[in-house]
Amino acid sequence: MPPWLDHILIRNKILEGDLQLVVEQKAQIERLGQNLKEVYLPLKTSDTLVVEYRKWLDKFGSSLPFYQGYSTSKNVGNSESDQKLITLDRFSQHTLICHSCNQAYQVTNTVKQSCIGVAIALACVSIPPRNEFRVS
């Protein structure tokens with residue numbers, strides 16, 4: 001199975017399931033002006049890796065332009081990427097970035113443009129010429 005087909009059928013559907021929730025949670029944390037530790041109640045069974053990653057950002061994230069650690073953050077809500085309109089569609093979030101999916105998109109777009117050209121050419125050929133001269 002080509003990677004782009006795997007992305008369409010399986011992976012993106014799983015990853016996109018929580019995308020809206022994650023974006024809304026991030027906005028809520030920024031509105032409250034508190035750190036993640038004060039707002040977030042982690043589940044011991046499923047959120048261990050998330051909490052450890054955020055704690056790692058607390059220790060080593062200071063060199064990043066922005067980050068949201070567990071108890072600290074840097075320029076969250078002020079970054080250039082946060083100022084832009086966040087689009088949650090698959091095209092801007094995945095297709096433009098993923099090499100396999102972008103390549104499949106380019107090929108599909110080229111085939112589409114070619115089909116449009118062929119359809120226009122066939123339509124022009126199939127129109128009978130108008131007879132200007134009448135024989136009486």
Path from L57 to F60 over hydrophobic side-chain contacts below 4.5 Å: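 Per the 4.5 Å side-chain linkage, L57 and F60 are co-clustered.
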ILVMFWY cluster, W4 and M1 together (side-chain gap under 4.5 Å):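 Looking at the clustering, M1 is in the same group as W4.
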Taking every non-hydrogen atom, the tightest pair across L96 and N102: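 Scanning both residues completely, I find the closest heavy atoms to be O-ND2, 3.3 Å.
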I116 CD1: over 12 foreign heavy atoms closer than 6.0 Å: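 Counting other residues, nucleotides and ligands, CD1 of I116 exceeds 12 neighbours.
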Mutual orientation of the aromatic rings belonging to Y53 and W56 [parallel < 30°, tilted 30-60°, perpendicular > 60°]: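 Rings of Y53 and W56: parallel, under 30°.
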